[in-house]
Amino acid sequence: FNDQKVRQAIDYALDREALKEGIYNGQAVIPNSMVSSKVFGYDEALPEVTQDMDKAKEAMAESNYPDGFDASIFVNESQDLVDSAVYIQEALKELNINIEVEQFEMATFMERLGQGQHDMFLLSFTASTGDADYLLSSLMLSTNEGFGGNRAFYNNETLDAALETARSATEDEARLEEYTKIHNMIREDVPYSPLVHPNMSLAYNSEQLEGVELDAAGYIRLENLEFK
């Protein structure tokens with residue numbers, strides 16, 4: 001997985017529409033980057049990540065492993081992630097990548113990821129601050145490798161510098177421009193493959209309440225709550 005072409009091949013091989021419909025019953029959004037549309041730093045102009053098996057096979061042929069390889073994918077006990085791992089296992093057979101799904105309870109799972117014992121893993125992450133910096137810096141900064149959040153152990157000095165520029169810029173327009181560059185760098189180098197952004201749902205009695213809101217982190221906001 002240090003081979004960029006392998007990462008690109010896997011990314012192209014995944015049918016996110018199949019994941020969205022088959023595992024999330026359509027209640028998800030196919031992403032165009034690591035951050036969702038409710039997070040500052042999102043760029044709606046970027047195209048969705050789509051499956052392209054021709055490009056997947058081409059990238060694999062250009063990699064150092066054109067004949068495929070064996071690897072494992074770690075998951076915790078979350079059923080949607082387990083089901084997604086099984087889908088990925090099947091999808092990558094077309095590239096002759098043979099995946100073993102290994103499931104752990106959460107504490108063991110996080111310990112093994114922090115120690116870098118994995119080949120691949122599935123995990124959800126929420127930009128709980130509503131700002132792209134929290135998610136991207138946690139997952140990408142080289143200083144956060146391992147238990148700091150960068151469980152891909154990704155090290156890219158250019159991306160580190162771009163994240164710092166985006167964080168320190170004082171104008172929103174300048175920050176958004178930098179995040180677009182960052183999204184494109186991630187799409188090209190593929191340290192992570194965003195799969196879907198599941199919809200967050202909230203049920204309440206609209207005949208009695210109004211002003212109930214969900215924020216970008218999935219927390220229920222009651223500041224504007226009113227009883228009818």
Side-chain angles (χ1 to χ4, degrees), residues 1 3-63 80-81 84-85 87-88 90-92 94-95 97 120-127 130-141 150 152 154 156 158-163 165-167 169 172-200 216-218:
F1 294 95
D3 190 324
Q4 181 196 49
K5 289 297 182 180
V6 167
R7 301 195 301 271
Q8 290 176 344
I10 291 172
D11 196 52
Y12 281 129
L14 302 180
D15 185 350
R16 290 158 173 85
E17 188 67 36
L19 286 170
K20 171 185 171 181
E21 297 299 330
I23 296 174
Y24 294 92
N25 297 314
Q27 297 302 306
V29 175
I30 297 174
N32 68 5
S33 68
M34 296 289 290
V35 301
S36 72
S37 60
K38 293 185 178 181
V39 174
F40 180 87
Y42 173 79
D43 185 350
E44 64 179 6
L46 296 174
E48 288 183 353
V49 183
T50 56
Q51 183 189 40
D52 190 325
M53 284 307 302
D54 289 336
K55 287 185 177 180
K57 292 176 180 178
E58 179 181 346
M60 199 67 185
E62 294 173 356
S63 76
D80 59 333
L81 298 183
S84 297
Y87 162 75
I88 292 170
E90 289 300 313
L92 296 186
E94 194 165 347
L95 298 178
I97 299 176
M120 303 170 67
F121 69 94
L122 290 180
L123 186 64
S124 59
F125 196 102
T126 301
D131 192 290
D133 175 68
Y134 174 71
L135 183 147
L136 295 175
S137 292
S138 296
L139 297 181
M140 304 288 177
L141 276 178
N150 179 357
Y154 185 61
N156 184 324
T158 302
L159 186 63
D160 283 353
L163 286 168
T165 298
R167 173 189 295 171
D172 284 352
E173 185 176 346
R175 296 191 70 216
L176 289 171
E177 183 177 342
E178 200 65 31
Y179 281 126
T180 294
K181 295 177 184 177
I182 290 168
H183 295 322
N184 283 319
M185 279 191 275
I186 294 169
R187 285 283 289 270
E188 178 67 21
D189 212 22
V190 206
Y192 297 90
S193 290
L195 299 177
V196 296
H197 292 151
N199 296 341
M200 293 180 286

#### Entry: Tyr179 side chain to Asp43 side chain, donor-acceptor N/O pair below 3.5 angstrom
no
inquiry  = Looking at Gln51 and Ala13, would you say the former's side chain and the latter's main chain have a donor-acceptor pair under 3.5 Å?
reply    = yes
Could you verify whether a donor N or O on one side chain and an acceptor N or O on the other, from Arg167 and Ser137, lie under 3.5 Å apart? yes
What one should report as the nearest heavy-atom pair of Met60 and Ala9 is N-CB, 3.8 Å
Distance col, row Ser193:OG vs Met34:CE, nearest 0.5 angstrom, shows 9.0 Å
Exercise. May I ask you to say whether Lys55 pairs ionically with Asp11, meaning some side-chain N is under 4.0 Å from a carboxylate O?
Key: no
| Can you find a pair of side-chain heavy atoms, one from Leu176 and one from Phe40, that are under 4.5 Å apart? | yes
* Salt-bridge contact Arg175-Asp131 (side-chain N to carboxylate O under 4.0 Å) -> yes
Q: Return yes when atom CD of Glu90 has more than 12 non-hydrogen atoms of other residues, nucleotides or ligands closer than 6.0 Å, and no otherwise.
A: yes
ask   = What orientation do Tyr134 and Phe125 show, parallel under 30°, tilted 30 to 60°, or perpendicular over 60°?
value = tilted
Main chain of Val29, side chain of Tyr24: is a donor-acceptor contact present, judged purely on distance under 3.5 Å?
no
Worksheet item: Distance-only, no hydrogens or angles: does the His183 side chain make a donor-acceptor pair with backbone N or O of Glu178 under 3.5 Å?
Response: no
message: Within the structure provided, determine whether Gln4 and Val190 are in side-chain contact (heavy-atom separation under 4.5 Å).
response: no
Self-check item: Side chain to side chain, Gln27 and Pro198, heavy atoms closer than 4.5 Å
Solution: no
Residues Tyr42 and Asn32: closest non-hydrogen pair is CE1-OD1, 3.3 Å
The reported gap from CE in Met53 to NZ in Lys57 (rounded to nearest 0.5 angstrom) is 5.0 Å
| query | Is the backbone N or O of Phe1 less than 3.5 Å from a side-chain atom of Arg7, with the two atoms forming a donor-acceptor pair by type? | reply | yes
Between the CG atom in Asn150 and the CG atom in Asn156, the distance rounded to the nearest 0.5 Å is 10.5 Å
Note: Ala18 and Tyr87 closest approach over all heavy atoms is CB-CE1, 4.4 Å
*Might you confirm whether atom OH of Tyr12 has over 12 heavy atoms from other residues, nucleotides or ligands at distances under 6.0 Å?*
no
Q) So Leu141 and Leu136, side-chain contact (heavy atoms from CB on, under 4.5 Å) or not? Walk me through it. A) CA-CA 8 Å; Leu141 276 178; Leu136 295 175; over 6 Å; no
Does atom CD (Glu177) have a neighbourhood of more than 12 heavy atoms from anything else shown, all under 6.0 Å?
no
Here the pair of heavy atoms bringing Val196 nearest to Pro31 is CA-CD, 3.8 Å
So CD1 of Ile182 and CG of Asp133: to nearest 0.5 Å the spacing works out to 8.5 Å
Worksheet item: Can you find a heavy atom in the side chain of Asn184 that is under 4.5 Å from one in the side chain of Thr180?
Response: yes
Do Val49 and Arg16 make a side-chain contact, defined as non-hydrogen atoms from C-beta onward lying under 4.5 Å apart?
yes
Looking only at heavy atoms, the pair that brings Leu81 and Ser124 closest together is CD1-N, 4.4 Å
Go through the side-chain N and O atoms of Tyr154 and Asp189 and say whether any donor and acceptor fall under 3.5 Å apart.
yes
Closest heavy-atom pair, Arg187 versus Pro47, reported as atoms and distance to 0.1 Å, is NH1-O, 3.0 Å
The reported gap from CG in Asn25 to NZ in Lys20 (rounded to nearest 0.5 angstrom) is 11.5 Å
Point to revise | side-chain contact (heavy atoms from CB on, under 4.5 Å) between Leu195 and Leu122, intermediate numbers included | key: CA-CA 9 Å; Leu195 299 177; Leu122 290 180; 3.7 Å; yes
One should read off an interatomic distance between Asp15 CG and Ile30 CD1, to the nearest 0.5 angstrom, of 7.5 Å
- Asp52 side chain to Asp54 main-chain N or O, any donor-acceptor pair under 3.5 Å? yes
